[in-house]
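None of the values given here were measured: they were computed from a predicted structure. The sequence lines fix the lettering, A, B, ..., with proteins before strands; numbering per chain opens at 1.
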Amino acid sequence: MGPVIRSTYRLHFVLLWLMDIQSILETDILQAINELYPGQSDDVQLSPTKKEFEGQYTFVTFPYTKKLRQAPAQIGQTIGAWLVENSAIVSAFNVVQGFLNISIADSAWVEVLNDIAANSAFGTLAQKGESVMVEFSSPNTNKPLHLGHLRNNFLGDSVSRILTANGYDVVKTCIVNDRGIHICKSMLAYQMFGTDASGRAETPESSGMKGDHLIGKYYVLFDKAYKGQIEDMVALGTPKEEAEKTAPLMLEVQQMLRLWEQGDPETKALWSQLNAWVYEGFAVTYKNIGVSFDKTYYESNTYLLGKEIVEEGIQKGVFFRKDDGSVWIDLTEEGLDQKLVMRSDGTSVYMTQDLGTTELKFQDFQSDRQIWVVGNEQDYHFNVLFAIMRQLGRSYANKLYHLSYGMVDLPTGKMKSREGTVVDADDLIQETVDAASTAADDAAKGKLDGFSQDEKKALFQMLGLGALKYYLLKVDPQKRMQFNPAESVDLHGNTGPYIQYVHARIKSILRKAAEMNVILDGAVTATQLDEVEQQLVFLLSQYPQRVIDSGAAYSPSYIAQYAYELAKTFNQFYDKLSILKEMDMVKLHVRLVLSNAVGETIRKAMGLLGIEVPEKM
RNA sequence: GGUCUUGUAGUUCAACGGAUAGAAUAAGCGUUUCCUAAACGCUUGAUACGGGUUCGAUUCCCGUCGAGACUACCA
């Protein structure tokens, strides 16, 4: 795939000073405690005020009752009164039970809005001068991508974007598992069934299938034939376990793997041909979902590397050799088991390869941190890998992180690729795009009349993909999630297209404003805001912190939730107040600047999820 | 068996140890002479069970029960 692109050339933003209401308020409260209760200062924790109460920030007084020797309500009253008197940004307060709810002055919110509007880099944090490598996708070349891969790809892509916004230099890598028994199964089946009666071999062109789908078909064919042989053997009295090991097809496929390892030209040629078809198919899918990598590694090039590390481990006494020649590590002291790192015949296992590629990736990029986006069924594997790296004394060993995510279940149960009960990625994307197109028939009501066929196609692609990405990313990655096909193509409620719609809506208003020659330039001068306007500015001001939080937790779901909240609040604002019909120029100005800022922030937040937003829909 | 993860409305998801546990969806009812109704509003419904720590527990700890993964000289 693509060449190595190192992100050395980055803009260094001049950080504009942004009015940070929360920090100011925390400082003011701290000062209040210092003055009112000398010698009792402590950390101040603020939380957003719940909707049913007046105010934007809440200070919880309970933790201070013992220390300050006062009742919660009294502490709240005392501090609240002090703030209204002495803080430049506090306009009012109320105390409910022990909760001090603080209202911020409209003038302060207007200042915040002006800061955000003037700062085009809002939400992009200062460069940290640290690099992070994110490895994700990492497919096998014996079958096409499925739903589970989509969660992986979207997560890895989004986390990469979020870390970039956090100021890290991110390198995206993909390790293609292009060798091993699995690909040999497809190869063998292709040899057996891939030629028609007239002797022509099937190709992607002749079959009209994408390369990855074609090879996947043969993988399934192999499994069917193999299972058939096992059944026959069991029927004739062979125990099942023995049948699985000695079925002729299994022996043949193992022979093929040996031929591959010996470099047999014919086997290698077939292998190259089938893999090339698969890569062509993958490339189409990656392009379609907007995912790319800075560097792609192939296991066929790296699988031998780990053996050097195994040798090193034996020298250092980290590994030990058993009588049969196999090499192990004993991790019982770390609460793990003994683990094989090299077979008795000297060939590598999965762990051997990962030792090698981990080292190689570090040598290539010297990243300060390495992240693997891999499903949680491999938690144990990564625990072992990291433990080995620590014991080998690798300097980077404590900067390795397994971003472990839960499986995607179907309402009908678990997906099994060998049995064909998977949701194919390409099919799924097509279905959501089609659903977006169908929905437009009764929802768009002529809004798309000016669109060409190509523009419509691009829009439906954007909406369908947006629905799918949002659906998979809004859930906490760590959690196992259920995929409901009907819900995933829904465009209403807490979905990607709902948020995309708000962006289009805002753009429409701004176009009309431009036609009316309403000028957006200059600072907003309003002194009063409506409650919902205030709420929007408050939400906007939270954006940078959300970027930080989602980066720290490696969780795009924080951004997804934020984008939805912002979009929903905008719709309420839109419904409650008129914008272009507003005759008061000062109010009109606030609402346009606010709409613009919300539109931009939605675009940025969705961008972090890898979702594009339309100008019109 | 051992290790790890997980259990919240009918369903799919939220909730730095904080207030009356939020959304969406499904069902029903309303809102358009006016900026995009792919929208907005209203109504119904949940923390598996039992202890403990705490001013306060969906959240932390222990136990029971349920779900899942891993525990391969497969990758």
**OP:** Please determine, for B/G22, whether a Watson-Crick or G-U wobble partner exists with both distances under 3.5 Å, and give it or none.
**Re:** B/C13

Original post:
Looking at A/Tyr558, A/Tyr498, A/Tyr470, which one forms a ring-ring contact (aromatic ring centres under 6.0 Å, His included) with A/Tyr564?
Top reply: A/Tyr498

**OP:** Determine the interatomic distance between P on B/G50 and the same-named atom on B/U59; round to the nearest Å.
**Re:** 13 Å

Original post:
Out of B/A38, B/C13, B/G41, which has the shortest distance to the side chain of A/Lys568?
Top reply: B/G41

**OP:** State the pairing partner of B/U47; accept Watson-Crick or G-U wobble contacts with both distances under 3.5 Å, and report none otherwise.
**Re:** none

Original post:
Within the structure, does a side-chain N or O atom of A/Arg179 lie under 4.0 Å from either OP1 or OP2 of B/C74?
Top reply: no

Subject >> Rounded interatomic separation in angstrom, taking CD from A/Glu299 and C1' from B/A75 >> reply: 7 Å

**OP:** Scan every strand shown for a Watson-Crick or G-U wobble partner of B/U6, both distances under 3.5 Å, and answer none if you come up empty.
**Re:** B/G66

**OP:** Report, as yes or no, whether the 6.0 Å neighbourhood of atom CD on A/Glu54 holds more than 12 heavy atoms from other residues, nucleotides or ligands.
**Re:** no

Subject >> Euclidean distance for P, B/C16 against B/G2 (whole angstrom) >> reply: 33 Å

Original post:
What distance, rounded to whole Å, do you find between the two P atoms, one in B/C4 and one in B/A9?
Top reply: 27 Å

Original post:
For B/C40, does either OP1 or OP2 sit under 4.0 Å from a side-chain N or O belonging to A/Asn571?
Top reply: yes

**OP:** Using the P atom on both, measure B/U47 against B/C42 and round to a whole Å.
**Re:** 24 Å

Original post:
Counting side-chain heavy atoms from CB outward, which of B/U5, B/A38, B/U12 is closest to A/His492?
Top reply: B/A38

Subject >> Nearest to side-chain heavy atoms of A/Val475, which nucleotide of B/A14, B/A75, B/G68 >> reply: B/A14

**OP:** List the steps and the verdict of side-chain contact (heavy atoms from CB on, under 4.5 Å) for A/Leu609 and A/Phe154.
**Re:** CA-CA 8 Å; A/Leu609 303 177; A/Phe154 295 163; over 6 Å; no

Subject >> Integer angstrom distance from the C1' of B/A57 to that of B/U8 >> reply: 14 Å

**OP:** Look at the side chain of A/Ile181 and decide which nucleotide, out of B/C74, B/A19, B/A38, has an atom nearest to it.
**Re:** B/C74

Subject >> A/Asp575 side-chain proximity, nearest of B/A75, B/A38, B/C40 >> reply: B/C40

Subject >> B/U5 OP1/OP2 closer than 4.0 Å to side-chain N/O of A/Tyr405 >> reply: no

**OP:** Measure across A/Tyr37 and A/Gln70 and return the closest heavy-atom pair with its distance rounded to 0.1 Å.
**Re:** OH-OE1, 3.0 Å

Original post:
Does A/Lys445 have a side-chain nitrogen or oxygen under 4.0 Å from the phosphate oxygens OP1 or OP2 of B/A38?
Top reply: yes

Subject >> Toward the 5' end of RNA chain B, by each residue's nearest nucleotide, A/Ser344 or A/Lys507 >> reply: A/Lys507

**OP:** Using only side-chain N and O atoms of A/Lys339, determine if any of them is under 4.0 Å from OP1 or OP2 of B/A72.
**Re:** no

Subject >> Selected nucleotide, minimal atom distance to A/Lys581 side chain, candidates B/G18, B/C34, B/U36 >> reply: B/C34

Original post:
Closer to the 5' end of RNA chain B via nearest nucleotide, is it A/Lys50 or A/Gly335?
Top reply: A/Gly335

**OP:** Step by step, work out the salt bridge (charged side-chain N to carboxylate O under 4.0 Å, His left out) result for A/Lys185 and A/Asp223.
**Re:** CA-CA 8 Å; A/Lys185 289 178 180 173; A/Asp223 200 60; 5.6 Å; no

Original post:
For A/Lys479 and B/U6, is the shortest distance between a side-chain N/O and OP1 or OP2 below 4.0 Å?
Top reply: no

Original post:
In whole Å, what separates the P atom of B/A19 from that of B/C13?
Top reply: 24 Å

Subject >> Nucleotide nearest A/Val349 when distance is taken to its side chain, options B/A24, B/U20, B/A75 >> reply: B/A75

**OP:** Report yes or no: does A/His503 contribute a side-chain atom to a donor-acceptor pair with the main-chain N or O of A/Arg603 at less than 3.5 Å?
**Re:** no

Subject >> Below 4.0 Å: OP1/OP2 of B/C13 and any side-chain N or O of A/Gln561 >> reply: no

Original post:
Does the side-chain ring of A/Phe62 sit on the six-membered ring of the B/G56 base, less than 5.5 Å centre to centre and under 30° in tilt?
Top reply: no

Original post:
For B/U31, which nucleotide in any strand shown is its Watson-Crick or wobble partner with both distances under 3.5 Å?
Top reply: B/A39

Original post:
Between A/Ser595 and A/Phe573, what is the shortest heavy-atom contact and its length?
Top reply: OG-CE2, 3.8 Å

Subject >> Shortest non-hydrogen contact between A/Thr352 and A/Lys307, atoms and distance >> reply: CG2-N, 4.0 Å

Original post:
Just to confirm, is there a sub-4.0 Å distance from OP1 or OP2 of B/A69 to any side-chain nitrogen or oxygen of A/Gln378?
Top reply: no

Original post:
Is any side-chain N or O of A/Ser557 under 3.5 Å from a base N or O of B/A14, one able to act as donor and the other as acceptor?
Top reply: no

**OP:** Verify the contact: side-chain N or O of A/Gln97 to OP1 or OP2 of B/A19, cut-off strictly under 4.0 Å; return yes or no.
**Re:** no

**OP:** For nucleotides B/U31 and B/C55, find the distance between their C1' atoms and express it as a whole number of Å.
**Re:** 46 Å

Original post:
Phosphate oxygens OP1/OP2 of B/G2: is one of them under 4.0 Å from a side-chain N or O of A/Tyr380?
Top reply: no

Original post:
Between A/Phe386 and A/Trp372, how do the two ring planes meet: parallel, tilted or perpendicular, split at 30° and 60°?
Top reply: tilted

Subject >> Among B/A75, B/U12, B/A23, the one nearest A/Tyr350 by side-chain distance >> reply: B/A75

Original post:
Across all strands shown, which nucleotide pairs with B/A72 by Watson-Crick or G-U wobble geometry, both distances under 3.5 Å?
Top reply: none

**OP:** Could you tell me whether the phosphate oxygens of B/C74, OP1 or OP2, come under 4.0 Å of any side-chain nitrogen or oxygen in A/His182?
**Re:** no

Subject >> Heavy-atom donor-acceptor pair, A/Asn101 side-chain to B/A19 base, under 3.5 Å >> reply: yes

Original post:
Which of these nucleotides, B/U20, B/C70, B/U36, is closest to any side-chain atom of A/Glu377?
Top reply: B/C70

Original post:
Between B/G18 and B/C60, how far is it from one C1' atom to the other, in whole Å?
Top reply: 15 Å

Original post:
Of the nucleotides B/A69, B/U36, B/A19, which has the atom closest to the A/Thr49 side chain?
Top reply: B/A19

Original post:
Is the phosphate of B/C35, meaning OP1 or OP2, less than 4.0 Å from a side-chain N or O of A/Arg591?
Top reply: no

**OP:** Go ahead and name the base partner of B/A57; Watson-Crick or wobble counts if both distances stay under 3.5 Å, otherwise write none.
**Re:** none

